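Worksheet for the structure shown next.
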Number of protein chains: 2
Amino acid sequence: MSDSAQDSVSQDSRTLADRVFARLQDDIVLGALPPGTKLGETELAARYGVSRGPLREAIRRLESRKLLERVPHVGTRVASLKASDLIEIYRVREALEGMAARLAAENMTDAEVAGLRELLSQHEQQQDLKEDTAYFQREGDLDFHYRIIQGSHNRTLIDLLIGEIYHLVRMYRYQFSMTANRPQKALGEHRRIIEAIESRDGEMAELLMRRHISRARENIEANNT
Amino acid sequence: MSDSAQDSVSQDSRTLADRVFARLQDDIVLGALPPGTKLGETELAARYGVSRGPLREAIRRLESRKLLERVPHVGTRVASLKASDLIEIYRVREALEGMAARLAAENMTDAEVAGLRELLSQHEQQQDLKEDTAYFQREGDLDFHYRIIQGSHNRTLIDLLIGEIYHLVRMYRYQFSMTANRPQKALGEHRRIIEAIESRDGEMAELLMRRHISRARENIEANNT
DNA sequence: CCCTGATAGATTGTCAACAATCCCCCTTGA
DNA sequence: TCAAGGGGGATTGTTGACAATCTATCAGGG
């Protein structure tokens with residue numbers, strides 16, 4: 001994954017609690033700790049080489065992000081996700097990323113727009129090669145969405161999507177081993193979104209982004225019913 | 001405020017950390033701890049009668065909700081909010097509550113719709129009395145929005161709006177002593193939104209809700225430039 | 001007079017021990 | 001055989017002390 005798709009707390013964070021938060025989050029999102037895993041505090045503290053104090057602070061933060069489920073006096077386990085949850089998340093993505101696309105069309109700098117266009121070209125080349133590009137497509141898709149979100153220049157929106165929603169989306173992808181099952185169509189939709197942004201048509205950009213995510217949701221619904 | 005607008009952790013939560021989290025959140029949102037206040041851990045621990053362990057867990061959770069700003073090794077202070085932040089939040093509200101209204105039109109039970117209509121009638125009566133109903137209008141407005149959000153029947157969306165966004169909105173309202181400066185118009189807009197929901201027109205409900213929140217945002221922008 | 005650097009105090013970060021709660025399982029009785 | 005109750009063990013919740021870091025103050029030199 002490229003750096004632009006990363007938001008983990010940098011490895012040299014000043015406090016143990018921040019570091020263990022970042023490491024624990026990665027272990028959850030990337031699947032090292034499968035969903036439903038019971039997380040004993042003593043065991044985890046040993047695993048990360050910290051005491052239970054900082055660990056519990058990290059757990060409370062990950063609980064806020066819905067990556068962990070905690071029951072008082074009982075314990076904490078990795079969030080176990082149902083398909084219906086993913087569909088709910090896609091409704092939220094449709095709303096938020098639609099707004100992000102609108103704001104990106106209005107607020108992105110010309111340099112940012114050029115970079116986005118450049119990214120699309122790379123994806124189209126990979127597509128032409130017909131290689132096994134599933135991994136790169138998957139992360140490339142995220143990269144595309146990340147850039148538009150950042151382009152909204154709305155800090156609240158960026159933090160919500162990248163800080164809270166996308167970790168869940170990534171966890172789902174790893175959990176279900178979801179490969180992009182409509183890469184050709186998705187690429188075309190990306191192209192039209194960029195065109196709308198280039199012509200600074202916020203309304204059109206929002207419409208296209210919403211349709212793009214809505215179709216992805218329908219695709220999920222079709223494969224899980 | 002009516003119970004439906006409350007989501008605070010109930011007072012008899014099982015753990016100290018949960019209780020202090022709820023109390024600290026109320027103190028921040030309701031203004032007992034003004035924005036910018038430096039929060040010393042020892043001092044706070046004494047105030048709430050707990051040790052620093054549970055307190056720090058509560059702080060980390062409130063930091064996730066953007067109610068607190070923390071700098072490692074320096075300290076924690078109550079989030080100090082700029083008008084531009086509020087405008088960013090209203091963009092997010094426009095997107096999320098628009099979606100909520102759409103889903104509410106599709107998913108609300110008939111009983112929920114009837115309750116919403118009942119609530120509107122109460123607000124219209126208060127309006128007719130021409131009393132000093134600023135407080136009730138303000139909280140009543142929140143109640144209206146809360147109900148539609150709940151009516152979406154989308155747990156992810158509900159948690160996002162009520163668990164993370166609305167605390168910030170309420171804090172702003174207290175902080176800026178914002179009184180509804182267009183109650184008449186807002187009430188009319190509420191009525192049209194309910195009509196759309198009653199006729200199960202999700203697209204129209206979303207459009208009207210977005211316009212409603214967008215106008216509130218423009219109103220804020222006009223008063224802060 | 002202003003800038004630099006060291007020091008002292010206070011505050012935050014971390015840890016390990018103690019207390020409270022829950023869960024499992026076994027006994028006991030119908 | 002099965003249900004109800006209690007006890008042991010393990011896990012979580014909480015605390016107070018110790019260590020690390022920052023900030024404010026003040027002395028000294030330019």
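Given the structure is predicted, the values throughout are model-derived calculations rather than measurements. Hydrogens, waters and symmetry mates play no part in the numbers below; they use all other heavy atoms, side chains included. Proteins get letters first, then strands, A, B, ... in listed order; numbering begins at 1 in each.
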Which whole-number value in Å describes the distance from Y48(A) OH to dC15(C) P?
-> 15 Å

Mind calculating the distance between CD (E43(B)) and C1' (dA10(C)) to the nearest angstrom?
-> 13 Å

Between L16(B) (CG) and dC18(C) (C1'), how many Å, whole number?
-> 15 Å

Respond yes when some side-chain nitrogen or oxygen of R52(B) is under 4.0 Å from OP1 or OP2 of dT12(C), and no when none is.
-> no

Would you kindly say whether Y166(B) and R93(B) are connected by a side-chain donor-acceptor distance under 3.5 Å?
-> yes

Measure from the side-chain heavy atoms of P54(A) and tell me the nearest of dT14(C), dG16(D), dC22(D).
-> dT14(C)

Could you walk me through whether I87(A) and R217(A) pass the side-chain contact (heavy atoms from CB on, under 4.5 Å) test, one step at a time?
-> CA-CA 6 Å; I87(A) 291 168; R217(A) 190 197 70 241; 3.9 Å; yes

Minimal non-hydrogen separation, P72(A) against R14(B), with atom names | CB-CB, 4.2 Å

Taken to the nearest whole Å, CG/L39(B) to C1'/dT11(C) is 13 Å

Can you tell me the distance, in whole Å, between the CD atom of E69(A) and the C1' atom of dT12(D)?
-> 18 Å

Where the side chain of N107(A) meets the backbone of S152(A), is there a donor-acceptor pair that is under 3.5 Å apart?
-> yes

Main-chain N/O of T109(B) paired to E112(B) side chain as donor or acceptor, under 3.5 Å = yes

Output yes when at least one side-chain N/O atom of R14(B) is less than 4.0 Å from OP1 or OP2 of dT12(D), else no.
-> no

Measure from CZ on R56(A) to P on dT14(C) and round the result to the nearest Å.
-> 15 Å

Between dG13(C) and R70(B), is there an OP1 or OP2 to side-chain N/O distance shorter than 4.0 Å?
-> yes

Does P72(A) or E57(A) map to a spot on DNA chain C nearer the 5' end, using the closest nucleotide for each?
-> E57(A)

Would you classify L55(A) as touching base, sugar-phosphate or nothing, given that sugar-phosphate means primed atoms plus P, OP1 and OP2, and contacts are heavy atoms under 4.0 Å?
-> nothing

In whole angstrom, give the distance that lies between atom NE2 of H73(A) and atom P of dA20(C).
-> 11 Å

Which is true for G53(A) with a 4.0 Å heavy-atom rule: it touches a base, it touches only sugar-phosphate, or it touches nothing?
-> nothing

Please state how far atom NZ in K38(B) lies from atom C1' in dA24(D), giving the value in whole angstrom units.
-> 12 Å

